[in-house]
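Order of the sequence lines sets the chain letters (A, B, ...), proteins ahead of strands, with each chain counted from 1.
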Number of protein chains: 2
Amino acid sequence: MIATEPLQDASRESFVEMLRAAGLRTTGPRLATLGVLIQRPHADTETVIRQVRSELGTVSAQAIYNVLATLVQGELVRRIEPAGSPALYELRVGDNHHHIVCRLCGAVADVDCAVGHRPCLTPSETHGYVLDEAEVTYWGYCPKCQASRGSHSASTTEETTGN
Amino acid sequence: MIATEPLQDASRESFVEMLRAAGLRTTGPRLATLGVLIQRPHADTETVIRQVRSELGTVSAQAIYNVLATLVQGELVRRIEPAGSPALYELRVGDNHHHIVCRLCGAVADVDCAVGHRPCLTPSETHGYVLDEAEVTYWGYCPKCQASRGSHSASTTEETTGN
DNA sequence: TTCTAATTATGGAGTAACTCAAAAGATCGT
DNA sequence: ACGATCTTTTGAGTTACTCCATAATTAGAA
């Protein structure tokens with residue numbers, strides 16, 4: 001499942017459109033990165049690098065850092081950074097959804113936000129701050145880690161994420 | 001305001017008690033760290049190191065990393081890690097309060113949680129996860145950064161935090 | 001109070017996850 | 001196809017840690 005994904009090919013057209021709509025040039029690393037993120041929501045940088053390389057051959061890590069930063073800035077990609085985890089990236093943007101993170105293996109799952117737009121919650125006291133977003137991170141144990149409780153056998157398998 | 005703070009001396013007794021209650025030995029770096037955190041909620045490691053040194057003289061950075069980790073484990077201190085920021089530490093534990101973070105300067109303020117115990121929110125769909133905490137981070141602009149909008153003059157002054 | 005066992009601090013090395021900058025290369029409007 | 005502009009490469013540098021072996025300190029027993 002490394003060369004010529006049908007899924008990728010099918011999405012390629014829309015990726016090009018997405019990039020153009022954001023005023024960005026279409027380059028190999030950008031298309032490949034979008035392809036990885038469609039297949040692996042919540043991928044970290046290292047996963048994106050590995051997957052993009054398996055598709056395109058040699059690509060510098062710096063290029064991927066640039067691509068991800070550009071896509072985030074262009075609002076095609078959202079970056080999250082749960083405590084203790086490196087940055088994770090996802091294609092789902094604009095719906096202000098939230099995340100559940102497993103304390104043991106770091107697996108991430110999406111949770112729809114009941115409100116759906118930012119900020120979905122507002123505190124009673126804002127200390128003079130002007131708020132535009134409420135980010136909610138739920139912490140707990142994923143199904144797999146619940147099974148192997150006590151024997152803390154983390155990091156061997158993941159769940160909803162695909163690192 | 002560097003040597004012999006009255007505040008510190010007043011709190012010293014209760015710090016000793018806190019440590020003993022958690023089954024921890026009372027050492028200089030630990031007492032000094034607690035002292036710093038009472039004066040500067042949301043201090044980062046580097047701030048704690050600097051302040052502890054100004055009080056005790058030479059203390060290794062590693063010692064402070066150890067102290068902070070120990071205090072967090074003993075539940076005397078809470079560690080938060082807003083995206084884009086190094087770890088921050090605070091003495092307020094056990095009330096499940098939340099935080100407002102300034103997008104420009106990183107200043108952090110506390111927000112009381114209406115519910116007050118964990119988890120204060122529960123999502124509709126948990127994907128099989130067992131949840132024990134809902135962490136809310138509000139993002140926005142602190143009063144000082146609102147004043148200097150557009151001219152992005154961040155990082156010069158802080159607000160509620162004291163880095 | 002002194003000793004001993006366990007814990008804690010030091011110093012030095014090492015790592016992950018980035019960021020910065022200059023030069024070579026690719027993209028796209030014309 | 002051309003050239004201005006944007007991307008990628010290459011390589012160095014930074015931050016915020018973590019790991020380890022050794023030395024120092026502490027708490028509680030004798």
Side-chain angles (χ1 to χ4, degrees), chain A residues 12 15-34 42-53 55-74 76-77 79-89 106 154-155 163, chain B residues 12 15-34 42-50 52-53 55-74 76-77 79-89 106 154-155 161 163:
Chain A
R12 197 191 153 95
F15 289 159
V16 172
E17 278 171 43
M18 286 165 67
L19 288 169
R20 307 206 62 132
L24 298 173
R25 292 184 178 176
T26 64
T27 70
R30 286 177 182 172
L31 292 173
T33 296
L34 291 170
H42 317 121
D44 61 12
T45 309
E46 132 99 36
T47 300
V48 175
I49 291 171
R50 192 159 17 82
Q51 289 295 109
V52 167
R53 281 182 181 157
E55 195 183 324
L56 301 185
T58 308
V59 181
S60 71
Q62 186 56 56
I64 304 301
Y65 277 103
N66 290 346
V67 165
L68 289 169
T70 302
L71 295 178
V72 167
Q73 188 152 25
L76 298 183
V77 164
R79 172 189 172 123
I80 62 170
E81 218 175 310
S85 166
L88 307 178
Y89 298 87
S155 79
N163 301 341
Chain B
R12 196 190 154 93
F15 289 160
V16 172
E17 279 170 42
M18 286 165 67
L19 288 169
R20 307 205 64 133
L24 299 173
R25 295 184 176 176
T26 64
T27 70
R30 286 177 182 174
L31 292 173
T33 295
L34 291 170
H42 317 121
D44 61 12
T45 309
E46 135 100 34
T47 300
V48 175
I49 292 172
R50 192 158 17 82
V52 167
R53 281 183 179 155
E55 195 183 324
L56 301 185
T58 308
V59 181
S60 71
Q62 186 55 56
I64 303 301
Y65 276 103
N66 291 345
V67 165
L68 288 169
T70 303
L71 294 178
V72 167
Q73 189 151 26
L76 298 183
V77 163
R79 171 187 171 123
I80 62 169
E81 218 174 309
S85 165
L88 307 178
Y89 298 88
S155 79
T161 203
N163 298 343

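Scanning for side-chain contact (heavy atoms from CB on, under 4.5 Å) contacts around B:A83 gives A:E81, B:W139, with sequence neighbours left out. Partners of B:Q73 according to the side chain to side chain donor-acceptor pair (under 3.5 Å) rule, which considers only residues two or more places apart in sequence or in another chain, do not exist here. Residues that satisfy the side chain to side chain donor-acceptor pair (under 3.5 Å) test with B:Y89, not counting sequence neighbours, are B:R79. With sequence neighbours excluded, no residue forms a salt bridge (charged side-chain N to carboxylate O under 4.0 Å, His left out) with B:E17.
Each end of the helix from C:dT1-D:dA30 to C:dT30-D:dA1 gets its own axis from five base pairs, and the two axes differ in direction by 30°, given to 10 degrees.
C:dA16 atom P lies 14 Å from atom CZ of A:R50, rounded to whole Å. Per the geometry, CZ belonging to B:R30 stands 7 Å off C1' belonging to C:dT8, to the nearest Å. When the P atom of C:dT7 is taken as reference, atom CG of B:L19 falls 16 Å away, rounded to whole Å. Atom CD1 of B:I64 and atom C1' of C:dG11 are 15 Å apart (whole Å).
Within the structure, side chain to side chain donor-acceptor pair (under 3.5 Å) pairs that include any residue of residues 57-67 of chain A comprise A:Q62-A:N66 (at least two apart or interchain).
Contact annotation: A:T45 reaches the phosphate of C:dC18 (side-chain N/O to OP1 or OP2, under 4.0 Å).
For the residue pair A:P82 and A:P86, the shortest heavy atom distance occurs at CD-O, 4.5 Å.
Nucleotides of DNA chain D that come within less than 4.0 Å of any heavy atom of chain A span, from the 5' end to the 3' end, D:dT5 to D:dG11.
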Could you list, one pair per line, each protein nitrogen or oxygen that sits under 3.5 Å from a nitrogen or oxygen of nucleotides 19-26 of chain C, together with the distance?
from, atom 1, to, atom 2, distance (Å)
C:dT19, O4, A:Q62, OE1, 3.3
C:dC20, N4, A:Q62, OE1, 2.5

N/O donor-acceptor pairs under 3.5 Å from side chains in residues 18-34 of chain A, not counting sequence neighbours:
from, atom 1, to, atom 2, distance (Å)
A:T27, OG1, A:R30, N, 3.4
A:R30, NH1, A:R25, O, 2.9
A:T33, OG1, A:P29, O, 2.7

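Summary of the strand contacts: A:P29 and B:E81 both lie near DNA chain D, and taking for each the nucleotide with the nearest heavy atom, the more 5' one is attributed to A:P29.
Backbone-only engagement by A:T58 is indicated by non-hydrogen atom pairs under 4.0 Å involving sugar-phosphate atoms exclusively. Residue A:T26 is in sugar-phosphate contact alone, with no base atom involved, counting any heavy-atom pair closer than 4.0 Å across all strands shown. At the heavy-atom level, B:A61 lies nowhere under 4.0 Å from the strands shown.
B:I80 CD1 to B:L88 CG: the interatomic distance, rounded to the nearest 0.5 Å, is 5.0 Å.
Looking at B:D44 and B:T47, their side chains come closer than 4.5 Å, going by heavy atoms from C-beta outward.
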